Each structure stands twice: as structure tokens, then as C-alpha cells.
Colleague: 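Submitted below is the structure of interest, expressed as C-alpha cells.
A note on names: the letters A, B, ... follow the listed sequences, proteins ahead of strands, and every chain is numbered from 1. Just so you know, these numbers come straight off a predicted model, no measurement behind them.
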Amino acid sequence: MRAVITVIGKDMVGILAKVSGMCAEYNVNIVDVTQSVLQDMFAMIMLAEVSGCSVAFEQFAEQLSGLGRENGLSIHVMHEDLFNSMHRI
Amino acid sequence: MLNVGDILETITMIEEEHLDIRTVTMGISLLECMDSDVDKACEKIYDKITRYAGDLVPVCEQIQKEYGIPIIHKRISVTPVAMLAAACQGANPVKFARTLEKAANAVGVNFIGGYSALVHKGFSAGDYALIESIPQALAETEHVCSSVNIGSTKTGLNMDAVAKMGRVIRSSAEATADRNCIGAAKLVVFCNAPEDNPFMAGAFHGPGEPDCVINVGVSGPGVVRAALAKSQGLDITGVADLVKRTAFKITRMGQLVAKEASKRLCVPFGIVDLSLAPTPAVGDSVAHILEEMGLEQCGACGTTACLALLNDAVKKGGVMASSHVGGLSGAFIPVSEDAGMIDAAKAGTLTIEKLEAMTAVCSVGLDMIVIPGDTPAEVISGIIADEAAIGMVNFKTTAVRLIPAIGRQVGDELNFGGLLGAGPVMRVNTASPAKFIARGGQLPAPMQALKN
């Protein structure tokens, strides 16, 4: 399954590195990344393949949101299907 | 790849605008548990519910984590218990309620509905005893919900049942007077009750339903209100279009969860109920949507028109988003569960008479309304009859869930806590309908019933 990882917060050095580092640590492959910085606000969206994840999905999601809390960022990991079903007919 | 704006919109809806799945309700048929020995029947009921619904809560929690959508309640609805009580004449039906409570606790659901009777054309075996036992059953249990269908467009209204339910509502409140009269908050009187409703307190698993089924109810008044607030200057057609688009997205989420829950539990998917269900939380109110449309406060002149638009647009948007739509499907207006309704009722802008008019154009009816503790049973029956007549003539579901606040008067408040919220005691017209109610009999079905 594929998951959408969203990272929102104040821009600083190393956000992308920290998030992608954690993905690599848990064997999660990043398929696509888009990011933008608007008036100091950092917004990044990653599409990641989590089938090979070394821990349970919930645990991986919890680890990433924990990383977000430590760095003052809001990080969500959600199943790709949620967005597909809401925004595509 | 997905559009960044769409992704952020979804996250804002969930994080800030209270978008959630209100309930995943598993309907379970208990017809096979029927037995002339009440204890044997109860044993079979407990076994079947715990066997079928054992995984309901863990599976919903798993879906919640994976998809990031909060699923607030997990519930069970069962075959109207009066049908089972019919097989064991003379036994106290409260035993069934205790069994349902035990099963609900075992599987960890928030509510279990179906302590119900369908008496729209008269009482059959089991119905009378069950209705008599409702106050005791609701007082002794915490999770069990009860409903009685007293009328339908096809059959007219059973006025004997209307008279009886006025007294049962009062007794249910009296039996739980020390707990904010919570018994009456778990009891609904219906006209045209749907068989696949996932929402409490009126959920039961109709006799025409399959053995087991998953029904889902969505919520999302906050999302609709926020969408309207972001788009100022629309004319009323634009408002309707915006509500439709928003309802579509909300319902798609419900459909996704329903499909996924049904797949993981190996239970057929039944329906998605397109209701906008409010919660007492600030920002999750149907009244605030109406106010966002341009009313100073809910209850003002224009409220019924705004609600009619909202109700219709929610259905039009939702119906394409789900393969099967059912249940109540419309906007709910439960007073104590809606922050905007509570404020309007306290301010005196929203009266029971206005709410009655609103029920003609939205789903359900007079819901979660706290009335003075000294309101006579006949007046409650009169309110039930009026509300049921609206449902009967208009081919729609109407319901009455009134809570007589024993020992309290207009100006006081009852606080139930949780999703049931808190409501001010509202003024009731107490001119007596006693003679009308005492007549009894069957109020004939209207011409609208003769469609064949």
C-alpha cells in the first residue's frame, strides 16, 4: 500500500533529511516528493510505498508524528486511498 | 500525484473542522436466537453478538489509524427484541436488555440498539410486555437503546401506542431522575422508522435485513460551515452547490470506511447514512451552518427554508458518492447535541414550535429536547402525535426524543455529558390534549399511502 506523508510547519534546515532519514530507517521507499515554502511556512507532501515497512504501519505513523512533535512540525501519515476517494470520481 | 491543495484540504477538515465517521454500526439478526425459554434465548443472543462483533472495535481502530480518520463510535443494532419476547410469554423482557448490555460490554461498543417494538398497526405478542419494560430496561443498563415505531404512511398512527409512549417516556425519565433522566435520552418514538439506521438511539436491525451488515453514519457539520465561511458573497444557488460538493467529499470518506470495514470483517456492506450529525463541540453544529447562510440565530424566520436547502443539498451531493444510501439521511437537529441549537434555545429564539416546523423539511424530528419535569404524559403523547402526523403525511421518518427533566423547570439545564451534550429546559404548551389522546384507536392512513 502507498501512504501520503504530509509535513507542515515553520521552515528550518534539515526537515526533508530528517523525514526521509526516518523513512529509510524503516525501509519505506519514497516514490514522489513535492514541497514548497511560503512565507516561512514549510509544506511537504511525500508519496511513499510502505508495503516493505519494517514495523507495523500504525507504529511507523506514530514514529513520524513523534518526530514532528520534537521539531515543532505537524506530520501526518495516511493511506493514499483516503485522498483518492475524496477527490477523484 | 495527488493535488497538494486537495491533500491539505482533507487534513484541515479532519484536524480543524471535526470531520469524522460518527459511527460504524453492525446490524445483527437475532431471529435464530428465538426460544420459548428466555434464559436459553439470552444465551444464544450473547453468543451470537460476541461471535459476530468480536472484531468490530479492533478493526475500526485499525482503520482509524491507517487512514487517519477518527471513527467516534462503534455500535451494534439488533432485531427488535419484541419479536424475541413474543416467543417467551410471561417472561420479563428486561432479561434481554441485561444480556444486550453484557454483550455490549464484552465487545466494547458504545451503544447497542434494538430494544424495540414495531407497533404501527397494533400490538402483537411480546410488544406490550416489551414497551412496559422499557423504563426498567433503560434504568438498569447503560449502553442499551430503545425505540418504538408507532406509525407509518402505509398504516396510519396507532393512537393507543401514542398514548402509551407518553407515559413510558415520563417513567423512563423518572426511573433515572438521579442520573439526569438519561433513560429518556436513550428512547425514541418513530413514525416510518428505517430498518437500516446506524444512528442511536433509534437503530435496530429490521426483519428485512440480511443476517449481518455494516452500516456507516458520517458526520461533518463543521466542514460544511467552514466551506461556507470561506466562500463569502455566494447567492443561494451557489450555497446549495457548495454544500453539495462538500457533502460529496464527506460521503466518499464514509463509503471508503464502510467498504473497508465490511471487507475486513467479512460482513456485507449495507448503507452509508448521509446525515449531518452535530456534536456539542464548538464548530460542529448544524445551527451554525444555518447561521452562516445568513440568519442572526437559528430559529429566526427563514430557518426552515435554510434547513430545507441544506437537507436537500446534502442528499444530492451524497447520493452519488455512495453505492447504497439509506438510514435517516438528512440533517439532524438534536438540541442538546448542537452548540448553536443550545445557544438559540437558551436565548429563546428557538422554540419547540419552530423545531416542529423544521422537522417537516429535515431528517428525523424533535430530538434531544429537554422539557419541564411536570409535563403531563398526555402532552408528551400530543407532541408525539403531531410529529408522527408530519412524518405520515410527508412520507418521511419523524421521531420524538424528549427528556422530561424531573424536578426541574424552564430556565434549568440538564447535562448528560459526552455526545448527548447538555440542554436547557424548553417551554411546552400545556393546554391539555388529554381527551384526544384517551380516545385511542388507529388514526387512518392518508391518501398518500394509496400509491399502488
Colleague: We want to know whether N110(B) and K74(B) form a side-chain donor-acceptor pair, criterion being a heavy-atom distance below 3.5 angstrom.
Modeller: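 Judged by distance alone, the side chains do not pair up.
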Colleague: So, S54(A) and N27(A): side-chain donor and acceptor under 3.5 Å apart, yes or no?
Modeller: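 N27(A) and S54(A) do not have a side-chain donor-acceptor pair below 3.5 Å.
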Colleague: Could you tell me which of V257(B), L256(B), T251(B) has the largest number of non-hydrogen atom pairs under 4.5 Å with chain A?
Modeller: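 Answer, by heavy-atom pair count under 4.5 Å with chain A: L256(B).
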Colleague: Any ion pair linking E17(B) and K230(B) (charged N to carboxylate O, less than 4.0 Å)?
Modeller: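 Salt bridge: yes.
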Colleague: Which bit of Q255(B) is near chain A, if near means a heavy-atom gap under 4.5 Å: side chain, backbone, both or neither?
Modeller: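 Neither; nothing under 4.5 Å.
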Colleague: Let's test your reading of the structure: which of K65(B), M320(B), Q62(B), E66(B) forms the most heavy-atom pairs below 4.5 Å with chain A?
Modeller: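 Maximum pair count with chain A is reached by E66(B).
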Colleague: Check this for me, if you would: do D241(B) and R245(B) make a salt bridge, where the nitrogen-to-carboxylate-oxygen distance has to be below 4.0 angstrom?
Modeller: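 R245(B) and D241(B): not salt-bridged.
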Colleague: Of all heavy-atom pairs between P70(B) and I14(B), which one has the smallest distance, and what is that distance?
Modeller: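 That closest heavy-atom pairing would be CD-CG2, 3.7 Å.
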Colleague: Which atoms of F83(A) come close to chain B, meaning under 4.5 Å heavy atom to heavy atom: side chain ones, backbone ones, both, or neither?
Modeller: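 It is both, since atoms from each part get that close.
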Colleague: Contact part of E260(B) toward chain A, heavy-atom cut-off under 4.5 Å: side chain, backbone, both or neither?
Modeller: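 Neither; nothing under 4.5 Å.
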Colleague: Under 4.5 Å heavy-atom distance to chain B, tell me which part of T6(A) shows up: side chain, backbone, both or neither.
Modeller: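 For T6(A), the side chain is the part near chain B, not the backbone.
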